[in-house]
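Below is one structure; the comments refer to it alone.
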Amino acid sequence: MENTFEPKIVAYVCNWCTYAGADLTGTSRIKYAANVRIVRFPCTGRIDYNLLLKALALGADGIIVSGCHPNDCHYTSGNFHARRRWIVFKQMMEYMGYDMRRVKFSWVSAAEGAKWADIVNTTVREIRELGPAQRIQNEEFRMMNSEG
Amino acid sequence: MQALHQKVKELLESGKVQVVIGYGEGSGGKSRPVFIRSAADAAKLVWDDRCHQNLAVYINKPEIKKMGKAAIVAHPAAVRTIVQMIAEHQLSSGAIIVLAVENDTLEELTDNSSLEVYAQSHPVLFPPFVVKEIEDIAALSAAERFEFWQNELEKCFKCYACRAACPLCYCERCIVECNQPQWVSVPSHAQGNFEWHMNRAMHLAGRCVSCGSCTIACPAGIPIGLLTIEASRIARTEFGFEPGISCDASSAMSSFRNEDKETFIQ
C-alpha cells in the first residue's frame, strides 16, 4: 500500500521567474515527476497563505511555493513582502504542529529549468516517504465538501 | 481608586470629556465595562485585579464617538493598544484622554510622547498561568502540538468573540464575512477553525500587544491568545518589531528589509 502512494503536490509559482523556469524545464526536455499541479500567479506577493491552507484542507500532500530570487522581482519588492509573510507563516504552522517538511519554499529564476526539476523531484521523493498528509480538520466534513 | 474617582469627576465637571470608559461592578463578582457620563456617577468606577478586559476596543465604536470626547481607564496593555492604534492611524493624536492605571498609580496621558514613554516603561506582564502554558506548549513535540491545537480548535464554534474583543481587529469587512473567495468555512463546525485562527494570528503578527482579551472572551475556553502572542514573538525575533511602543511605527507585515533572514528557502 505504502509503495503505491503517489503524492498530490500543488505548486504556487510566480509568472515571471518560476513559471518561465518550469517552461524552460519542458523546452529543455528535462523529465520530472508528474505529481505537481502548477498554479501561476502574477507575483509571489500575490500568493496568499490562505491558498496554502486551502490546498492542505482539500487534500494536497505537499506544496511548493516559488518565485523570483531577491532583487529580481518584476514588481521590485513583491518577493520581499512574500518572504516576510513566509517567515511568519512557516513558524506559525510549526507552532500549531503542522509538519512543514511538506511545504517547500524556493527561488527559481527563468534560467533555472534544471533547478525546478530538481526541486519537484526532491519534494515528491520526500513526500512519498512521509506518506499522505495529516488533515487540518475533520475528515468526514472534508469529504462532504469536496464532493460537489 | 479615590484618585481615579476624583480625576473622573474633574474631567466630567470641567467638560474636558463627555464620557469616561472604565470598569464597573458587574454580576457574579466580575467587573464589566461602564460608560460614565455624569460626575455624579464617577463613584461607579472600580479598579482592582478583576479588571483585565482591554477597554480600548470601545474607543472607535460609533455609539461611543457620538457621546463626545472620551477618557479611558487603561491598564498597561491598553495603553500599548492605544499607541498601536495611533501608529495604525485609527486614532488621532490627542483624541482621547488616557487614565493609565497600574496597581495604585494613576497617570493622565494626553499626548503621543507621554503615551510612548508610559508604554515603554510599563511592559505587559503575563500572569503565571499564561507563562506556564507557553512553556508547556514549547515542551511538546510537533505531533503533540498538532494534536493539542486540533483538540483545542475543535471546540471553536466561530462566534468570533475573539475578534469582537480585540481592539486591533477593527476591519469593517472581515475575511470571514467574505464568500468570494470563501477562505473560512461558515458552519459552526471544526472545519475552517484552523484557517480562522491562523488568519487571526497572521493579521496580528507584530501588532498583538498580548493583552489577553481574546482568551478572556472565548466562551469555549480555548487559549487562543497564545497564537497571537506567538505571532508577535515571531515578528519580534525575526524583524525586531515591538508593538505598541511607538506612535509612528510602520507595520511588520506590510514592510520589509532587504536583509530579512530566513534559512528555509531553497
Side-chain angles (χ1 to χ4, degrees), chain A residues 44-45 48-54 56-58 64-67 69-71 73 77-101 103-108 112 115-116 118-119 122-123 134-145, chain B residues 137-138 140-150 152-154 175 181-185 187 189-206 226-235 237-239 241 252-266:
Chain A
T44 39
D48 194 326
Y49 55 88
N50 276 308
L51 291 158
L52 278 72
L53 294 175
K54 193 60 111 185
L56 294 176
L58 294 180
I64 300 172
V65 185
S66 184
H69 286 267
N71 295 318
C73 180
S77 59
N79 54 359
F80 286 121
H81 285 290
R83 178 169 65 183
R84 212 164 236 214
R85 192 181 309 143
W86 298 346
I87 291 173
V88 180
F89 179 72
K90 180 171 184 284
Q91 294 191 36
M92 271 318 295
M93 287 292 272
E94 282 166 353
Y95 185 71
M96 288 170 90
Y98 196 80
D99 186 352
M100 284 302 275
R101 285 177 298 176
V103 185
K104 302 275 178 209
F105 299 93
S106 66
W107 309 127
V108 173
E112 293 176 321
K115 182 179 176 184
W116 175 250
D118 185 47
I119 281 176
T122 335
T123 310
Q134 55 204 143
R135 295 285 169 251
I136 55 174
Q137 55 239 152
N138 189 291
E139 183 75 4
E140 158 201 1
F141 202 78
R142 182 182 68 80
M143 299 296 284
M144 245 166 66
N145 211 35
Chain B
I137 291 178
L140 297 176
S141 72
E144 287 167 339
R145 251 194 333 266
F146 186 76
E147 199 59 33
F148 171 80
W149 283 113
Q150 290 289 302
E152 287 293 339
L153 297 184
E154 204 178 290
I175 60 150
Q182 183 115 56
W183 293 126
V184 178
S185 158
H189 184 279
Q191 193 187 35
N193 289 352
F194 189 96
E195 283 91 333
W196 159 243
H197 290 282
M198 178 58 84
N199 270 290
R200 215 175 71 80
M202 290 294 287
H203 289 182
L204 284 162
L226 297 178
L227 295 170
T228 49
I229 289 172
E230 172 66 9
S232 265
R233 186 200 63 76
I234 296 167
T237 46
E238 298 291 335
F239 321 124
F241 265 86
M253 297 306 280
S254 61
S255 61
F256 66 88
R257 287 177 313 197
N258 282 15
E259 60 275 16
D260 279 343
K261 281 271 174 298
E262 42 68 29
T263 51
F264 58 87
I265 304 180
Q266 292 171 3

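Chain naming here is simple, since letters A, B, ... match the order of the sequence lines and numbering starts at 1 in each.
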Residue among B:H197, B:E144, B:E152, B:M198 with most heavy-atom pairs under 4.5 Å to chain A: B:M198

Structural part of B:L227 lying under 4.5 Å from a heavy atom of chain A: both

Nearest-0.5 Å distance, CH2 of residue B:W149 to CE of residue A:M93: 14.0 Å

From CA spacing to verdict: side chain to side chain contact (heavy atoms under 4.5 Å, CB included), B:Q266, A:S66: CA-CA 9 Å; B:Q266 292 171 3; A:S66 184; over 6 Å; no

CG on A:N79 to CZ on B:F256, rounded to 0.5 Å: 8.5 Å

Top contributor to chain B interface from A:W86, A:F105, A:Y95 [non-hydrogen pairs under 4.5 Å]: A:Y95

Toward chain B, the part of A:D99 with a non-hydrogen atom under 4.5 Å: neither

Approximate separation, where rounding is to 0.5 Å, of B:F264 CZ and A:E94 CD: 8.5 Å

Donor-acceptor contact below 3.5 Å, side chain A:R85 vs main chain B:M202: no

Chain B contact via A:M100 - which portion, at a heavy-atom distance below 4.5 Å: neither

Approximate separation, where rounding is to 0.5 Å, of A:I87 CD1 and B:I265 CD1: 6.5 Å

Pairwise distance CZ(A:R83) to NZ(B:K261) - rounded to 0.5 angstrom: 8.0 Å

Winner by heavy-atom pair count (cut-off under 4.5 Å) against chain A, out of B:P181, B:S255, B:A231: B:S255

Residue pair B:W183, A:D48: steps toward the side chain to side chain contact (heavy atoms under 4.5 Å, CB included) verdict: CA-CA 10 Å; B:W183 293 126; A:D48 194 326; 4.2 Å; yes

B:R257 CZ: over 12 foreign heavy atoms closer than 6.0 Å: yes

Per-residue contact mode, B:I137 against chain A (heavy atom under 4.5 angstrom): side chain

Chain B interface, residue from A:M92, A:M96, A:Q91 that has the most non-hydrogen pairs under 4.5 Å: A:M96

Check against side chain to side chain contact (heavy atoms under 4.5 Å, CB included), B:D260 and A:F80: CA-CA 8 Å; B:D260 279 343; A:F80 286 121; over 6 Å; no

Leading residue by heavy atom contact count with chain A [cutoff under 4.5 Å; candidates B:A143, B:A142, B:G206]: B:A142

Interatomic distance, B:E195 atom CD to A:L52 atom CG [nearest 0.5 angstrom]: 11.5 Å

Qualifying residues under salt bridge (Lys or Arg N to Asp or Glu O under 4.0 Å), relative to B:E147, sequence neighbours excluded: none

Residues forming a salt bridge (Lys or Arg N to Asp or Glu O under 4.0 Å) with B:R233, sequence neighbours excluded: B:E230

